[in-house]
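Just below is one structure, and these are the notes that go with it.
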Amino acid sequence: MTNKLRNFSLELFPPQTPEGAEKLRAARAQLALLKPRFFSVTFGAGGSTRDRTLDTVLEIQREGHAAAPHLSCIGSTRESIHTILEQYRAHGIRHLVALRGDLPSGMARPGTFRYANELVQFIRVETGAWFHIEVAAYPEVHPQAKSPLDDLLALQRKIEAGADSAITQYFYNFDAYAHFIDECQAVGINVPIVPGIMPISSFSSLARFSDNCGAEIPRWIRKKLESYGDDSASIRAFGLDVVSGLCQQLLANDAPGLHFYTLNQDALTTQLWQRLHLS
Ligand code: FAD
């Protein structure tokens, strides 16, 4: 598959402060030069970033780029999701990343929607074919899944409910993705499943984040990163080699695109993009 046919996208999170918004504007100006297919903007569970997600998406649209808000349903009511969908429609937004999300600590009630397939189904009932809907997929298995098969069937339910494509949790094991794609095909999941790519800029935050979301840092990568201590230049250089190697392997094996978790930083994603000759 040529790069022209693939989907290269960039994920941002909505800034919390005016200074954060200013920094994000600067990072986005650089990232926009890469000409991604779209920017996606995350959404805090329980609606905690609702307005900031929308504001960021509208700003990206005004800058002339395609934007897809995420929408997570845990802790939300039918009415609140309905209102958000109508807001998105009114602003001409046609692309969503639909998720369950995780209950924030202290919030005990899951709300109307227990799982993301219920959200996808609700979006389709409410808005028909208006939105292109992406969902999340987990090559290394979602940490709360009862079994790998259960998790695969959960993805299948999201596709059957009307999702058009999926973006994966990040991973550093190519084999996990390849095996997962084989298993998807075996149960008849044929939508594009775009690998999520996490650039490496710091060991401690990557380790913390990975423990929470169930992404494995292979031992050899962990050991090397640990050995660099505070030497962030070496961590970034090694991370670039590892992640660009993974991306090359994914593209050589016909991955339908790459979705970069930029963490609102432009430098590492830009370097990866250039190394991979994506534009
Ligand atoms: P689901 O698909 O509902 O799955 C959640 C768990 O429930 C899985 O373990 C699944 O196996 C299990 N399950 C599903 N159906 C059933 C069932 N019927 N019975 C029993 N178990 C079941 N979080 C945010 O809060 N905001 C974001 O913007 C955000 N963006 C993300 C983007 C991507 C690309 C990815 C990969 C993740 C993102 N997340 C985000 C994190 C995501 O919300 C969490 O991983 C969350 O724990 C699961 O969401 P899901 O949509 O995959 O849930």
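Numbers here simply count residues along the sequence, with the first being 1.
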Whether Trp220 and Phe238 hold their rings parallel, tilted or perpendicular, with breakpoints at 30° and 60°: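 Rings of Trp220 and Phe238: perpendicular, over 60°.
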Whether Tyr138 and His142 hold their rings parallel, tilted or perpendicular, with breakpoints at 30° and 60°: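 Perpendicular: the ring planes of Tyr138 and His142 meet at over 60°.
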With a 4.5 Å limit on heavy-atom distance, are the side chains of [X] and [Y] in contact?
X	Y	result
Leu85	Leu96	yes
Asn190	Ile159	no
Met198	Leu263	yes
Phe260	Leu31	no
Ile235	Asp231	no
Thr112	Ile81	no
Ile93	Gln61	yes

What closest approach, in Å, do [X] and [Y] show between heavy atoms, and which atom pair accounts for it?
X	Y	answer
Gly239	Ile200	CA-CB, 3.9 Å
Arg100	Ala116	N-CB, 3.6 Å
Glu140	Glu216	OE1-N, 2.8 Å
Gln121	Ala161	N-CB, 3.9 Å
Ile123	Ala98	CD1-CB, 4.1 Å
Gln169	Pro139	O-CD, 4.2 Å

Crowding at CG, Asp182 (>12 non-hydrogen neighbours, <6.0 Å):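 More than 12 heavy atoms, drawn from other residues, nucleotides or ligands, come within 6.0 Å of this atom.
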Crowding at CZ, Arg94 (>12 non-hydrogen neighbours, <6.0 Å):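 Atom CZ in Arg94 is packed in, count exceeds 12.
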Salt bridge (Lys or Arg N to Asp or Glu O under 4.0 Å) involving Asp164 - partner list, sequence neighbours excluded: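 Listed in chain order: Arg124.
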Just verifying a value: how many Å separate [X] [atom1] and [Y] [atom2], rounded to the nearest 0.5 Å?
X	Y	atom1	atom2	answer
Ile84	Cys73	CD1	SG	10.5 Å
His179	Cys184	NE2	SG	10.0 Å
Cys247	Leu272	SG	CG	6.0 Å
Ile189	Leu155	CD1	CG	4.0 Å
Ser204	Glu226	OG	CD	11.0 Å
Lys158	Leu99	NZ	CG	7.0 Å

I'd like to know if the side chain of [X] reaches the main chain of [Y], judged simply by a donor and an acceptor atom lying under 3.5 Å from each other, with no hydrogens or angles considered.
X	Y	result
Asn264	Phe13	yes
Thr127	Trp130	no
Thr168	Gly196	yes
Tyr228	Ala233	no
Asn173	Ala176	no

Are [X] and [Y] linked, directly or through other ILVMFWY residues, by side chains that come within less than 4.5 angstrom of each other?
X	Y	result
Leu71	Tyr115	no
Val141	Leu152	no
Met1	Leu251	no
Ile181	Val194	no

Taking side chain to side chain donor-acceptor pair (under 3.5 Å) as the definition, give me every residue that meets it alongside [X], ordered by chain and number, with sequence neighbours left out.
X	value
Asn7	none
Thr49	Thr53
Glu86	Arg89

Expected list for residues 37-46: side-chain donor-acceptor pairs under 3.5 angstrom, two or more places apart:
residue: Arg37; atom: NH2; partner: Arg6; partner atom: O; Å: 2.6
residue: Ser40; atom: OG; partner: His70; partner atom: NE2; Å: 2.7

Full working for side chain to side chain contact (heavy atoms under 4.5 Å, CB included) between Phe8 and Lys35: CA-CA 9 Å; Phe8 297 113; Lys35 300 194 170 50; over 6 Å; no
Side chain to side chain contact (heavy atoms under 4.5 Å, CB included) between Thr270 and Leu33, intermediate numbers included: CA-CA 9 Å; Thr270 302; Leu33 300 174; over 6 Å; no
Side chain to side chain contact (heavy atoms under 4.5 Å, CB included) partners for Glu59, two or more places apart: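 Expected list: Arg25, Arg28, Arg62, Glu63.
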Partners passing side chain to side chain contact (heavy atoms under 4.5 Å, CB included) against Ser48 (at least two apart in sequence or in another chain):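 Partners of Ser48 under the side chain to side chain contact (heavy atoms under 4.5 Å, CB included) test: none.
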Inter- and intrachain pairs under ring pair (Phe, Tyr, Trp, His ring centres under 6.0 Å), touching residues 197-217, at least two apart: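 Ring pair (Phe, Tyr, Trp, His ring centres under 6.0 Å) check on residues 197-217 returns no pairs.
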Pairs touching residues 251-263 that satisfy side-chain hydrogen bond (donor to acceptor under 3.5 Å, both in side chains), sequence neighbours left out: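 Those involving residues 251-263 are Ser9-His259, Glu11-His259.
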Sidechain N-carboxylate O distance under 4.0 Å for Asp150, Arg157: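 Looking at Arg157 together with Asp150, the answer is no, because their closest N to O distance does not fall below 4.0 Å.
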Residues Leu258, Leu276; criterion side chain to side chain contact (heavy atoms under 4.5 Å, CB included); working and verdict: CA-CA 11 Å; Leu258 299 170; Leu276 296 164; 4.2 Å; yes
Ring pair (Phe, Tyr, Trp, His ring centres under 6.0 Å) partners of [X], counting only residues at least two apart:
X	value
His132	His95
Phe180	none
Phe131	none

Step-by-step salt bridge (Lys or Arg N to Asp or Glu O under 4.0 Å) determination, Asp241 to Arg275: CA-CA 10 Å; Asp241 286 346; Arg275 275 201 195 188; 2.9 Å; yes
Worked verdict on Asp102 versus Gln144 for side chain to side chain contact (heavy atoms under 4.5 Å, CB included): CA-CA 11 Å; Asp102 294 302; Gln144 292 158 10; 4.0 Å; yes
With Tyr170, the side chain to side chain contact (heavy atoms under 4.5 Å, CB included) member among Val243, Leu246, Leu206: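 Answer after filtering Val243, Leu246, Leu206: Leu206.
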